[in-house]
Amino acid sequence: MSLQEHVAAAFQEKFGTAPPLMVRAPGRVNLIGEHTDYNDGFVLPMAIDREICLALRPRDDDQVSVHSLDFEETAVFQLTSLQNTNSGWAEYLKGVAWALQENGYALRGWEGVMAGDVPKGAGLSSSAALELATARAFQQVSGFAWDAPQMAKLSQLAENKWVGVNCGIMDQMISAAGEAGHALLIDCRSLVTQSVPLPPTLDGSETAVVILDTTTRRGLVDSAYNERRQQCEAAAAFFGVKALRDVSITEFLEAADQLDPLTQRRAKHVITENLRTLNAAKAMQNADAALLGQLMNESHVSMRDDFEITNDELNVMVAAAQSQPACFGARMTGGGFGGCAVALVHGEMVDAFVTAVKQQYQQQTSLTPKIYVCQPSDGASVVSSS
Ligand code: GLA
């Protein structure tokens, strides 16, 4: 049974009727452009074929009641008296309701059932998927227009201010605006997006995007993430600009030796990563898988040596992937300090690639990786409504 069928069946069992409405929103993997979003820069993620799915029906009052099949818990809250009780997954729903209402949206209550297959805590944005599925649910029952960048911004606001995680805009934007078969070049300042197709291989076969989960998890990640943000802000202040997005590589090279070595490395990563990301989008448009792969490899070196957000397991995983003949390129992806790598692989050699990388990683780390071959998917959408 598919995830959507599973959720529909659970709704039917709970409410005695088929769900009149079903919405979904995907997790994501970032192909390139890491820690550039909060520097007003460029990112190139794709929505993956793993999602949060929500079956629901409107209510006549201001109550929201959701049963999570994954957590085996029901959350109930009133839209007119939202309270943050630090209750885990339900806070993402409350946070989105709060952010929408703060920004003038008149919301209606609803009740439903949800489940997801985005691995949690792996850096594949299960929280953004939950936020955007929630925004879609409110949009449908409350009857306002769907504006993907606006919904992404309000979901990010929910995560920043209600949940208390200081993330950038990438995860919410791609979950809101992803496009099947494509990655999205996102300008994180203007939120203008451009969809770019996955490049074919030289012999015209498809390439595959493979997510390689090290199964290591980031420890004191918030502090390290926030520290990187501060270092980037300090570098931007040194150059007298709003964000590092505004510093060209020439300007950087001319003044770099006036920066302390650490700030210099951090700024170098962001400034070169923005360039790599723009070049990667061009490579995709030019159907150049080899160049895209090379840029991914260079991005990994930059994150390892200059931004210093990889761990040993990520480095082992990326090296294992890169050593395979089927691999065009690989890099760590997401926030860093654990989690996943992403590889661009020859579509017809995926099985051999997966087996070899798994074996090599296991041998070198004694850990069993989780590997997902992904399809680029649509952003938050309505599956069915009657
Ligand atoms: C996390 C954040 C994103 C982004 C990435 C790094 O996933 O949620 O906003 O900053 O890290 O690229």
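Each ligand, and each atom within it, is numbered from 1 in the order the structure gives. Because the structure is predicted, anything quoted here is derived from the model rather than measured.
- Applying the salt bridge (Lys or Arg N to Asp or Glu O under 4.0 Å) criterion to R276, with sequence neighbours excluded, gives E273.
- When the options L184, V118, D171 are evaluated for a side chain to side chain contact (heavy atoms under 4.5 Å, CB included) with R28, the one that passes is D171.
- Residue pairs meeting the salt bridge (charged side-chain N to carboxylate O under 4.0 Å, His left out) criterion with at least one member in residues 341-359: none, sequence neighbours excluded.
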Step by step, would you call D288 with K282 a salt bridge (charged side-chain N to carboxylate O under 4.0 Å, His left out)? CA-CA 9 Å; D288 192 342; K282 274 190 215 135; over 6 Å; no
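- Checked against the 6.0 Å centroid criterion, the rings of F353 and H346 do not qualify as a close aromatic pair.
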Starting from the N and O atoms of ligand 1, find every protein N or O within less than 3.5 Å and list the pair with its distance.
from	atom 1	to	atom 2	distance (Å)
ligand 1	7 (O)	R28	NH2	3.0
ligand 1	7 (O)	D171	OD2	3.2
ligand 1	8 (O)	D171	OD2	2.7
ligand 1	9 (O)	D37	OD2	2.5
ligand 1	9 (O)	G168	N	2.8
ligand 1	10 (O)	D37	OD1	2.8
ligand 1	10 (O)	D37	OD2	3.4
ligand 1	10 (O)	Y225	OH	2.6
ligand 1	12 (O)	E34	OE2	2.7
ligand 1	12 (O)	H35	N	2.7

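- Evaluation of the salt bridge (Lys or Arg N to Asp or Glu O under 4.0 Å) rule for E179 yields no partner, not counting sequence neighbours.
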